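Every chain is numbered from 1, with letters handed out A, B, ... down the list of sequences. Since the structure is predicted, the reported quantities are computational estimates derived from the model, not experimental observations.
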Amino acid sequence: MAILGILCTTGPYQFQNIDTVIEITKSALKKNHEVQIFLLMDGIYNPKMDQKAKEVYLKKKPVDEFLKELIDKGAKIVCCGISLITRGLDINGSDYPEGVIIGGLEELAEIIENSDKFISL
Amino acid sequence: MAILGILCTTGPYQFQNIDTVIEITKSALKKNHEVQIFLLMDGIYNPKMDQKAKEVYLKKKPVDEFLKELIDKGAKIVCCGISLITRGLDINGSDYPEGVIIGGLEELAEIIENSDKFISL
Amino acid sequence: MAKILYLIDKKYGEEGLKLVKAVNSSGKHEIGVILIQDGIYLALREKKQIFKLVEEGISFFATKKDVNMRGLSEKIDRTNIKLVEYSELVDLVMEKYEKIISYV
Amino acid sequence: MAKILYLIDKKYGEEGLKLVKAVNSSGKHEIGVILIQDGIYLALREKKQIFKLVEEGISFFATKKDVNMRGLSEKIDRTNIKLVEYSELVDLVMEKYEKIISYV
Amino acid sequence: MPKKVSVLIRHPPFGTIHTFEGLRAAAGLFSGDHKVTVIYLGDGVFSAIDSIDKKYLEQILATLLELEAKIVVEKESMEKFQVEEEELIEGLEVRKRSEIAEILVESDAILTF
Amino acid sequence: MPKKVSVLIRHPPFGTIHTFEGLRAAAGLFSGDHKVTVIYLGDGVFSAIDSIDKKYLEQILATLLELEAKIVVEKESMEKFQVEEEELIEGLEVRKRSEIAEILVESDAILTF
């Protein structure tokens with residue numbers, strides 16, 4: 001049982017990265033590892049609530065719901081506050097489901113400190 | 001005096017494309033051309049209101065304000081409704097400044113029909 | 001015969017240059033290529049090829065702002081590539097050329 | 001001596017392979033490379049080089065799901081590259097290897 | 001006035017959403033009666049392989065072929081990536097670079113994905 | 001426990017925001033007392049050229065150098081793109097690929113931009 005840190009800098013749908021983050025996190029949690037994710041740059045779009053990916057052509061579960069489930073299963077998800085206010089999202093978290101943490105780079109520093117392994121996607 | 005159509009598929013800050021769209025549109029409007037822009041995929045993040053690019057490290061005018069100005073000067077800006085609901089933005093336009101049109105691919109078809117010249121960015 | 005402008009904005013725009021050559025070989029058209037954004041780097045990596053294409057009568061342009069931001073004004077061979085403002089790009093797109101090929 | 005796993009997820013991951021070779025040449029480490037997402041295409045474009053690196057003792061993995069989505073299960077040489085589930089990737093990252101180099 | 005429109009597919013199918021959105025846009029343009037050609041070029045040839053998971057693409061490809069969109073793949077890109085004609089999705093046609101170049105020259109608008 | 005962290009810069013400076021965000025992250029990591037090395041690699045060498053517009057980078061580069069972050073540029077990438085040592089931003093050091101590879105192997109975490 002160890003801690004996995006993940007950095008993701010891309011948003012949902014346009015790039016596959018967050019799908020891979022979700023896959024890896026699900027598997028890691030199942031194996032009783034701890035997972036701490038830092039979302040930077042466009043990465044902060046991923047937990048945006050009300051994504052309607054199920055209703056449109058994609059017909060799949062939206063990224064925000066996946067991330068909410070990961071949080072419920074114990075994953076820590078931190079969004080970079082600077083990145084999100086730059087892009088017009090609410091610093092108070094009204095765009096995000098409960099449990100998403102809004103933080104600074106000191107949180108990234110802390111995740112790196114906590115992690116036994118770290119990957120960038 | 002002619003009509004320029006533009007397709008943009010990337011969001012603000014992460015990629016330079018929208019900055020170029022803004023530059024070209026400003027110049028084209030000054031020369032009395034008409035400009036019609038279709039924002040698809042991550043492109044729909046560009047007009048998201050309340051971007052705080054001025055308050056953070058970038059210290060520059062945010063993309064949403066630039067786009068609002070272009071609309072005021074006569075540019076037409078259409079966001080793909082499917083792209084925006086997929087990403088969790090409001091289909092009723094509450095995330096956008098006044099004047100941004102939410103539409104379907106038939107609007108893209110129409111822009112292409114109207115345009116004398118067309119560029120993809 | 002048409003006047004065709006290629007717009008290249010990616011640092012790996014070699015595929016775009018190949019298309020330019022394919023069209024040029026027909027000898028039927030007047031061709032321009034404008035490098036913008038990271039397309040500018042193509043001017044460094046494909047110096048020789050661009051020199052050859054200019055000799056064959058193709059016009060090469062690059063946006064001055066993009067060249068300057070990237071600190072490449074001394075490295076770009078201005079005898080081959082003409083630096084233009086974005087306002088001139090608009091003239092190229094809207095007036096001087098008939099067809100625009102955004103290979104981005 | 002360390003056990004090092006390289007994670008390559010971009011279709012132009014050649015730079016990553018160069019780093020793998022540079023580390024391998026020291027002969028001090030046990031090295032694995034896992035190709036995910038569009039990194040899978042590296043297995044097609046660098047077949048010969050990967051064959052050589054496997055001969056030199058480097059382990060190559062690719063995520064089965066990414067290979068299958070891309071329709072490449074017949075093209076990937078399974079004698080050289082071991083297909084793994086994402087759950088096995090987690091074991092490689094968390095247990096089997098000590099250092100993870102995300103060259104993404 | 002309906003126009004000749006080319007839609008360029010330049011990405012592999014799953015690392016990004018470009019292929020899917022390009023085909024979706026191509027289908028959408030028929031609402032304007034445009035004459036649409038889809039062109040797979042460069043890395044895009046990996047999106048033209050029949051063995052890819054077509055979950056998101058099947059329906060829209062069928063629609064495009066039904067609407068009689070021309071869908072072509074650049075021969076030189078296929079050679080570069082060693083993709084054979086037999087591997088392509090049914091209904092797609094192989095064209096040489098010189099022919100692709102002419103299609104582009106004759107297009108009124110080009111959408112690049 | 002503070003760690004050895006490498007921040008890889010792999011993009012040219014202006015087509016995307018990666019270079020800037022990578023340097024910003026590198027500076028941010030000092031809050032955790034981590035030992036940070038910034039590595040310019042591949043296309044990233046174009047971000048290490050002194051003649052680029054440093055409007056967004058100057059301040060953060062100064063901070064990094066003040067914090068005694070090691071900032072290195074891969075020699076082989078410089079050769080590939082014909083960038084000379086004299087052209088680099090002051091304070092940046094040139095390292096061979098084999099040295100870069102060792103820095104990466106000794107890192108506890110790698111952030112790729």
Which heavy atom of D:Leu19 sits nearest a heavy atom of D:Tyr6, and at what distance? O-OH, 3.8 Å
Is there a donor-acceptor contact under 3.5 Å from the side chain of A:Gln51 to the main chain of A:Lys48? yes
Can you tell me how far CG of A:Leu84 sits from OH of A:Tyr45, rounded to the nearest 0.5 angstrom? 10.0 Å
To the closest 0.5 Å, what do you measure between CD1 (A:Ile112) and CD1 (A:Ile3)? 13.0 Å
Report yes or no: does A:Asn46 contribute a side-chain atom to a donor-acceptor pair with the main-chain N or O of A:Thr10 at less than 3.5 Å? yes
Residue-level interface, residues 86-98 of chain D with chain A, non-hydrogen cut-off under 4.5 Å: D:Tyr86, D:Ser87, D:Leu89, D:Val90, D:Asp91, D:Val93, D:Met94, D:Glu95, D:Tyr97, D:Glu98
As a quick check of understanding, evaluate side chain to side chain contact (heavy atoms under 4.5 Å, CB included) for A:Val78 and A:Ile102, giving each step before the final call. CA-CA 6 Å; A:Val78 184; A:Ile102 295 175; over 6 Å; no
Counting only non-hydrogen atoms closer than 4.5 Å, can you tell me which residues of residues 50-68 of chain D sit against chain A? D:Lys65, D:Asp66
Does atom NZ (D:Lys82) have a neighbourhood of more than 12 heavy atoms from anything else shown, all under 6.0 Å? no
Quick check for you: to the nearest 0.5 Å, what is the distance between D:Ile34 atom CD1 and D:Ile81 atom CD1? 11.0 Å
Rounded distance (nearest 0.5 Å) linking atom CD1 of A:Ile6 with atom CD1 of A:Ile18: 8.5 Å
Those residues of residues 37-44 of chain D, ordered by number, that approach chain A below 4.5 Å (heavy atom to heavy atom): D:Gln37
For the pair A:Asp95 (side chain) and A:Asp90 (backbone), establish whether a donor and an acceptor sit closer than 3.5 Å, ignoring hydrogens and angles. yes
So, the part of A:Asp19 with a heavy atom under 4.5 Å from chain D: the answer is neither
Exercise: identify the closest heavy-atom pair between A:Thr25 and A:Ala75: CG2-CB, 4.1 Å
Any donor-acceptor N/O pair, A:Asn17 side chain to A:Cys8 backbone, under 3.5 Å: no
Which bit of D:Ile101 comes within less than 4.5 Å of chain A, counting heavy atoms only: side chain, backbone, both or neither? neither
Interface residues of residues 21-32 of chain D facing chain A - non-hydrogen atoms under 4.5 Å apart: none
Any Lys/Arg nitrogen of A:Asp72 or A:Lys68 sitting under 4.0 Å from an Asp/Glu carboxylate oxygen of the other? yes
Interatomic spacing from SG in A:Cys79 to CD1 in A:Ile85 - rounded to 0.5 Å: 13.0 Å
Short question: side chain of A:Ser83, backbone of A:Met41 - any donor-acceptor pair under 3.5 Å? yes
Please confirm whether the backbone N or O of A:Ser94 pairs with a side-chain atom of A:Asn92, one donor and one acceptor, at under 3.5 Å? no
Taking atom NZ of A:Lys61 as the centre, report whether more than 12 heavy atoms of other residues, nucleotides or ligands fall under 6.0 Å from it. yes
Please round to the nearest 0.5 Å and tell me the distance separating atom CG of A:Asn32 and atom CE of A:Met1. 6.0 Å
Identify which part of A:Leu7 has an atom lying under 4.5 Å from any heavy atom of chain D, answering side chain, backbone, both or neither. neither
